[in-house]
> 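Let me begin by handing over the structure; questions about it come next.
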Amino acid sequence: MHVFRLRGDFQTLDLYSAFLFEQGARGLEEKPGEVWAYFPERVELPLPGEWLELPDTDWLEAYKRDLKPVRAGPFVVLAPWHEWEGQEKRIVIEPGMAFGTGHHETTRMALETLAQRTEPGMRVLDLGTGSGILAIGAALLGAQALGIDIDPTVIPQAVENARYNQVEASFKQGSLDDIEGPFDLVVANLFAELHAYFAQKYRELFGVCGTLILSGILAEREPIVRSALEANRFELLSRRQEGEWVCLTYAAC
């Protein structure tokens, strides 16, 4: 197993997470002062870091040992090898194959907010679905869930995760231009700049009214998101912050 070491932590290096997975990373682990990205083989990366090698068995055992279950509202996010006896709704995600295991603040806040706003029978869109975790969570709450992602490589894993969790969430490769509304709720865990860019398109996803949950926003970039959403007649319902990350919930009416 090959390891690419980057100085920083999950918060400061979060912008690189999706890119690392797209380049073939099978997992990310935070160490004191740095983050390790695990690859089956070396690849060219335009990032400031260095490579080292570990025996596969050492990495697998360490990864399984260090990855813990994560509670998020009524849910608990588990890896296939975890055991759990609590009453939470279980979401089992194979880690390392696509972005979104519930361990990062952005995913956890989105999942918790989704649980507060989702009702059975709603039509829910998970934009930038990655592992499918948010669409799966919506489906477990009784919604008709669709996950979409521009990266075709994550769709098979999202489908497999939904099958493993025995829900009927749907997934497709594409962008906002490939989606037909209306939706009752849209959740998007993306960068702040993308939220601002998509503000008008978000408006077109709803019918008379709906709910928009936006995560993945660094607090210092929150103003550009709020300005764009307010310019498109969205009303702020709630704001959450964990560390440097913000999750905003809007009403579209």
> Do L20 and V35 touch side chain to side chain, with heavy atoms closer than 4.5 Å?
no
> Looking at I150, I want to see if its CD1 is surrounded by more than 12 non-hydrogen atoms of other residues, nucleotides or ligands under 6.0 Å.
no
> Does a side-chain heavy-atom distance below 4.5 Å link V77 with L111?
yes
> Would a 4.5 Å heavy-atom cut-off, applied to side chains only, mark S215 and T107 as touching?
no
> I'd like to know if R163 and E160 make a salt bridge, using a cut-off of under 4.0 Å between side-chain N and carboxylate O.
yes
> When you compare the side chain of L248 with that of E222, does any pair of heavy atoms fall below 4.5 Å?
yes
> Ignoring hydrogens and geometry, is there a side-chain-to-backbone donor-acceptor pair from N161 to I93 under 3.5 Å?
no
> Quick one, R240 with E112, criterion side chain to side chain contact (heavy atoms under 4.5 Å, CB included). Give me CA distance, side-chain angles, the key distance, then yes/no.
CA-CA 10 Å; R240 288 191 57 187; E112 291 173 348; 2.6 Å; yes
> Taking the side chain as every heavy atom from C-beta outward, state whether L127 and I148 have any pair of such atoms under 4.5 Å apart.
yes
> CD of Q116 to OG1 of T211: how many Å apart, nearest 0.5 Å?
11.5 Å
> Counting only heavy atoms not in F4, do more than 12 sit closer than 6.0 Å to its CZ atom?
yes
> Measure the spacing between CD1 of I213 and OG of S238 and express it to the nearest 0.5 Å.
8.0 Å
> When you measure from the side chain of R221 to the backbone N and O of A192, does any donor-acceptor pair fall under 3.5 Å?
no
> Kindly work out whether a path of hydrophobic side-chain contacts (I/L/V/M/F/W/Y, heavy atoms less than 4.5 Å apart) joins I217 to L236.
yes
> Could you check whether any side-chain heavy atom of E88 comes within less than 4.5 Å of a side-chain heavy atom of P69, counting everything from C-beta outward?
no
> Measure the shortest side-chain to side-chain distance between F19 and P46 over non-hydrogen atoms and say whether it is less than 4.5 angstrom.
yes
> Using every non-hydrogen atom in the two residues, find where H2 and E41 come nearest and quote the distance to one decimal.
CD2-CA, 3.3 Å
> So, E34 versus W36: side-chain donor-acceptor pair below 3.5 Å or not?
yes
> Quick one: do R117 and L237 satisfy side chain to side chain contact (heavy atoms under 4.5 Å, CB included)? Show the steps, please.
CA-CA 11 Å; R117 301 287 177 176; L237 296 176; 3.8 Å; yes
> Could you list the cluster mates of V208? Members are the ILVMFWY residues connected by side-chain heavy atoms closer than 4.5 Å, either directly or through other members.
none
> Linking I/L/V/M/F/W/Y whenever any side-chain heavy atoms sit under 4.5 Å apart, do L185 and M109 land together?
no
> Hey, any chance L125 and F234 share a hydrophobic cluster, counting ILVMFWY side chains that come within less than 4.5 Å of each other, even indirectly?
yes
> Between Q144 and G121, which heavy-atom pair has the shortest distance, and what is it?
NE2-O, 3.7 Å
> For the atom pair CG (D149) and CG (D126), what is the distance rounded to the nearest 0.5 Å?
8.5 Å
> Is there a donor-acceptor pair under 3.5 Å between the side chain of K172 and the backbone N or O of D178?
yes
> The test is side chain to side chain contact (heavy atoms under 4.5 Å, CB included); show your working for R108 and F75 and say whether it passes.
CA-CA 10 Å; R108 189 171 61 252; F75 302 108; over 6 Å; no
> Less than 4.5 Å apart, side chain to side chain, heavy atoms only: is that true for V124 and L141?
no
> Hey, is the main chain of P182 close enough, under 3.5 Å, to the side chain of R123 for a donor-acceptor pair?
yes
> At what distance, to the nearest 0.5 angstrom, does CD1 of I136 lie from CD of Q166?
12.0 Å
> Identify the heavy atoms of T129 and A135 that sit nearest to each other, and give their distance.
OG1-CB, 4.3 Å
> For the CZ atom on R71, are there more than 12 heavy atoms of other groups (residues, nucleotides or ligands in this structure) within a distance under 6.0 Å?
no
> Would you find more than 12 non-hydrogen atoms of other residues, nucleotides or ligands less than 6.0 Å from R7 atom CZ?
no
> Evaluate the ring planes of H195 and Y202, with Trp represented by its six-membered ring, and classify them as parallel (under 30°), tilted (30 to 60°) or perpendicular (over 60°).
tilted
> A quick test of your reading: do over 12 heavy atoms of other residues, nucleotides or ligands sit less than 6.0 Å from CD of E235?
no
> Please report the shortest heavy-atom distance between P156 and P152, naming the atom on each side.
CD-O, 3.3 Å
> Under 4.5 Å between side-chain heavy atoms, counting indirect links through other Ile/Leu/Val/Met/Phe/Trp/Tyr residues: same cluster for L47 and F39 or not?
yes
> Taking all non-hydrogen atoms of both residues, which atom of Q173 and which atom of D151 are closest, and how far apart?
CG-C, 4.2 Å
> Would you kindly confirm whether L212 and W245 end up in one hydrophobic cluster when ILVMFWY residues are joined by side chain heavy atoms under 4.5 Å apart?
no
> Return yes when atom CD of Q241 has more than 12 non-hydrogen atoms of other residues, nucleotides or ligands closer than 6.0 Å, and no otherwise.
yes
> So, for P80 and Y164, which heavy atoms are closest and what is the spacing to 0.1 Å?
CB-OH, 4.2 Å
> What is the distance from atom OG of S131 to atom CD1 of I133, rounded to the nearest 0.5 Å?
5.0 Å
> Enter the distance from E180:CD to L205:CG here, rounded to the nearest 0.5 Å.
11.5 Å
